[in-house]
Amino acid sequence: MTAHQLILKQRAELLAVLCGGGSAEPLDCVLDLLLACEVLVWEDYLSIRVVEKPLLSNVRQLLDVVYDKGEDACSLLLAAMNQVLPEEQKAGLCFGKECAVLGKNRPDTATLTLLADRPVLVRKLRDNIDGALNALLTTGCFTIKDCDAVQLPVYTPSQQVRRLLDQVRFKGETAAKTLLQYLEQTETTRPNPEDKENHLSANCLLYQKKLRSSVAAQSHSLSTYGGTGRFSLDDIYTDGLLEVMDGSGETLTLGLEDVVGPLGTLNEDADTVLVSGEAGSGKSTLLQRLHLLWAREALLTNTFLLFPFSCRKLNSEHRELSLKELLFLHCCWPDRGQDEVFQFILDHPNLALFTFDGLDEFKQGFTDEERHCCPTKQVPIPILLFNLLQGTLMKGVMKVATSRPQAVGSSLKHYLRKEVLLKGFSPGGIDCYVKKHHSDPAMARRVIESLQANTVLLSLCHIPVFCWIVTKCHQELLGGQDVIPQTITDVYLLVLQHFFQRKSPQPQGVLGKAWLEEHLDTVLKLGQLALEGLEASCYVFSGYELQRNGLTEQDVSLGFLIYCNDLSVTDCKRYEFLHITLQCFFAALYVVLNRNSDRSAVSRLFQAQYRQLSGLSQRCLGHCIDSSVEEVESHVTETPNLQITAQFVSGLLSQRHHNLLLECCPIAVRERKVKQVVKSLSKGMQRHFKSIPRPVEGEKKSMHAMPSFVWLIKCIYEMQDNSIARDTMAKLDVEHLKLTYCNIGPVECTALAYVLKYLRNPVGLQLDNNSVGDVGAEQLLPCLHICHSLYLRNNNISDEGIRKLLENGMKCESFQKIALFNNNLTDACTQHFALLLKSKQNFLSLRLGNNNITSQGAEQLAEGLSYNQSLQFLGLWGNKIGDRGAEALAAALKNSTTLIWLSLVDNGVGSAGACALAKLISQSKTLEQLWLRGNNLSPEEEEELSKQESRLTF
């Protein structure tokens with residue numbers, strides 16, 4: 001077969017290999033060779049390499065131009081591609097029986113030499129571009145403006161060299177001679193390393209430089225929430241709360257540098273660190289910050305190469321790839337020595353770091369069933385990814401993946417080195433973010449004051465995406481809204497109004513009361529696109545998909561969709577919603593406002609999480625099910641997004657938004673959908689209530705709620721209907737409600753309090769190991785009257801949060817127990833506990849272990865204890881009360897007729913304090929056990945005290 005025929009027959013494959021990685025480097029290398037052997041003239045080159053056009057268009061133009069030049073030109077093109085492409089990309093391609101030799105005649109002039117030797121010059125100048133520019137500048141051939149035009153940061157080193165060669169050729173013979181003379185001088189003065197290791201090191205260093213440049217360029221501006229041009233990451237980035245649980249169950253606070261550090265490591269043999277957090281908690285931005293600091297050599301200094309991956313982008317990769325192709329096509333293409341660079345990575349896995357953003361957005365759930373350990377074998381992307389995460393492939397490479405907690409199953413957790421929890425902003429973080437967002441201090445102060453005046457809105461702002469919305473919509477927020485935002489739906493309607501108002505033709509962008517009706521057509525088109533995407537696990541959309549849904553350039557210009565630069569590897573532009581939660585919101589709008597939707601659409605949305613089939617059912621019964629197995633798996637995978645959508649549907653159907661939706665949705669249709677939501681919520685709650693086990697004799701009836709229970713509670717809160725909350729809680733009959741490790745933050749506390757306040761009988765509310773914080777503690781106040789016990793271990797609560805909680809607790813007759821160990825309490829809180837103990841003579845249990853209470857705090861607490869005649873349990877282990885504090889407590893408790901148990905473990909108590917406590921227990925008729933282990937007592941002193949009093953435990 002002739003070269004002419006080979007190019008025609010393999011056109012699609014040739015296009016794919018030259019465009020596959022999205023890098024123009026392979027095309028540029030081919031063009032260099034074709035210019036050198038005079039297949040192309042300069043005019044051909046200019047018509048092919050058009051920067052403004054997509055890469056695919058340039059490659060097509062190359063094939064067309066060469067094809068028209070005849071058989072010899074086609075033969076030389078195939079030879080050039082055979083020389084440039086790595087071996088794995090040449091598989092399946094034919095370059096002819098005999099590849100043509102790329103010969104060339106020696107040129108007569110310096111400018112022609114630049115073309116004839118272009119491939120060699122590109123290689124030589126990559127490491128010497130600064131010196132070459134300096135030589136051209138000092139001889140007057142170049143100006144500073146010329147130098148700046150060559151060294152624009154958007155160009156790779158190879159692109160800078162080619163731009164330099166083009167500029168020199170344009171300047172003429174003198175400039176060309178100056179450049180060639182400079183290269184001759186460097187060749188004579190520079191040593192010529194023959195050692196292979198040195199050559200490898202040079203290639204690796206060159207690749208590292210290019211990779212750092214690429215990562216820095218991608219990470220410079222805030223890429224989430226639509227902040228693509230306004231804010232640099234340095235200007236807006238605000239640290240979130242990072243926590244990890246160590247092997248002993250203690251929670252540790254981390255800094256960004258600790259994410260891949262040893263702190264909190266649970267499995268030394270594993271290589272994958274998981275950063276988990278709810279949607280909008282800042283996971284992608286955290287990774288972006290990590291990338292930027294590595295690129296600047298300010299963090300991860302022991303990491304030689306960092307490869308960032310987007311699972312959203314990997315979803316759109318349908319080819320089978322090897323590890324080498326994954327690294328070089330999806331991250332950064334080596335300009336030279338690809339095989340050597342890859343071998344370096346294989347030989348030094350400890351010097352590489354892979355990051356995978358959005359593991360929860362990957363279409364397929366994690367599985368470790370198919371093992372793959374060959375770095376050069378091509379396999380489907382899921383197999384490649386899963387084997388990297390579990391360490392079967394590239395053992396020793398550190399991996400950092402981000403995901404929402406619900407999307408990570410036990411099979412993946414088995415391979416985790418540690419799991420880092422990203423819990424959003426602290427109260428100080430919210431203030432810091434608002435101040436960074438608003439350059440005007442007065443405006444920032446007004447926004448902060450408005451948030452502090454609305455604690456519900458403040459609780460929402462602990463989630464960074466909500467904080468961004470509130471700061472972005474500050475004018476609407478401060479402009480005297482008819483309805484103060486209370487729910488997540490309120491906040492997203494605010495951002496919807498903000499974007500429409502920004503594009504409004506009315507003076508000053510004023511929108512009428514029927515603003516949603518006026519934009520209904522656009523909302524429905526965006527909503528249909530969003531919902532179809534969620535159902536198909538699709539978050540990136542082509543221009544064709546937008547066109548199919550009737551979306552125009554005007555619709556796109558509103559700003560809800562943004563252009564994906566890094567995903568557009570073909571002529572087709574690709575778009576995504578500003579944030580996944582915004583996609584869920586538009587999907588919810590479509591479900592509510594679409595008059596022609598399936599009558600069961602609402603019910604299916606709420607039932608999605610209960611439709612998961614077992615693996616056996618999927619294999620054996622799939623053909624009996626109406627929807628395909630693939631569809632069922634999609635629903636299972638996308639449960640978190642569908643849950644967010646269901647929350648928005650609940651909020652949009654609340655009575656609060658009746659007037660807004662009045663002209664957009666017929667009343668009868670709206671009422672039908674409201675009934676469907678209420679029925680779905682009721683059925684969901686019944687599933688949980690039926691799962692409550694019968695209590696063991698002598699124990700309280702207890703319900704251990706799962707995360708889906710919290711989701712249902714949040715849906716009820718979004719509806720803002722007291723009757724629904726009241727009816728739901730009327731059916732719950734328990735004495736203890738356990739919600740530990742359920743990612744309960746201030747937002748969830750607001751919803752819980754709204755619903756739980758309607759319980760018929762007091763309960764013990766256990767919220768240990770969550771993210772309640774001070775704001776969350778305040779949000780619990782409405783349900784405090786129905787709590788006889790409140791367990792808030794390990795919740796980052798400070799003295800201020802406790803002050804507000806206890807001020808209300810003193811007024812609640814049922815409130816009798818509180819547990820607060822592992823928080824941030826100091827002596828300042830003890831005056832409030834003292835007041836509580838004085839005023840509540842039915843208070844039974846106070847546990848304040850592992851805080852920062854000293855002897856001064858113990859003395860204040862002792863004052864309250866001296867007046868109390870009800871307390872039975874007092875726990876202060878892990879503080880610093882010392883002898884003085886122990887003596888004060890012993891004196892205050894000497895007349896107690898109720899105290900049963902006292903723990904002062906690890907408190908720095910010495911002989912004086914221990915003697916005072918021994919005297920207390922010897923005099924007490926009720927105290928059954930006093931714990932003093934881990935204090936400043938010698939073994940002899942402990943033994944002597946134990947002989948005196950058996951109820952003392954060391």
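- Asn770 places a side-chain N or O within donor-acceptor distance of the main-chain N or O of Asn743, the cut-off being under 3.5 Å.
- Applying the ring pair (Phe, Tyr, Trp, His ring centres under 6.0 Å) test to every pair with at least one member in residues 773-801, sequence neighbours left out, gives these pairs: His736-Tyr791.
- Checking Phe577, Phe560, Phe648, Trp468 one by one against Tyr492, the ring pair (Phe, Tyr, Trp, His ring centres under 6.0 Å) holds for a single residue, Phe648.
- Contacts of Asp258 classified as side-chain contact (heavy atoms from CB on, under 4.5 Å), with partners at least two apart in sequence or in another chain: Leu254, Leu263.
- Side-chain atoms of Asn823 come within 3.5 Å of backbone N or O of Asn796 as a donor-acceptor pair.
- Not counting sequence neighbours, the partners of Asp357 by the side-chain contact (heavy atoms from CB on, under 4.5 Å) test are Ser284, Leu287, Thr402.
- Using a cut-off of 4.0 Å between Lys/Arg side-chain N and Asp/Glu carboxylate O, Glu576 and Arg312 are scored as salt-bridged.
- The shortest heavy-atom contact between Ile488 and Glu718 is N-OE2, 3.1 Å.
- Remark: Glu449 engages no residue in a salt bridge (charged side-chain N to carboxylate O under 4.0 Å, His left out) (not counting sequence neighbours).
- Judged by distance alone, with hydrogens and angles left aside, the side-chain atoms of Asn822 form no donor-acceptor pair with the main-chain N or O of Arg793 at under 3.5 Å.
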Problem set entry | Worked check of side-chain hydrogen bond (donor to acceptor under 3.5 Å, both in side chains) between Asp239 and Tyr433 | CA-CA 9 Å; Asp239 287 321; Tyr433 181 85; over 6 Å; no
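- Here the NZ atom belonging to Lys714 is positioned 4.5 Å from the CD atom belonging to Gln647, to the nearest 0.5 angstrom.
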Which atom pairs, donor and acceptor, lie under 3.5 Å between side-chain atoms of residues 753-763 and protein residues at least two apart or in another chain?
unit_1, atom_1, unit_2, atom_2, d
Tyr754, OH, Asp721, N, 3.0
Tyr754, OH, Asn722, N, 3.3
Tyr754, OH, Asn722, OD1, 2.9
Tyr758, OH, Asn722, OD1, 3.2
Arg760, NE, Ala730, O, 3.3
Arg760, NH2, Ala730, O, 3.2

Exercise. Can you list the steps and then say if Thr826 with Asp799 is a side-chain hydrogen bond (donor to acceptor under 3.5 Å, both in side chains)?
Worked result: CA-CA 7 Å; Thr826 70; Asp799 302 326; 2.4 Å; yes
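- Of all non-hydrogen atoms in Ala646 and Trp711, the two that sit nearest each other are CB-CZ2, 3.6 Å.
- In this structure Thr728 satisfies the side chain to side chain donor-acceptor pair (under 3.5 Å) test with no other residue, sequence neighbours excluded.
- Looking only at distances, no side-chain donor or acceptor of Asn594 sits under 3.5 Å from a matching main-chain atom of Tyr590.
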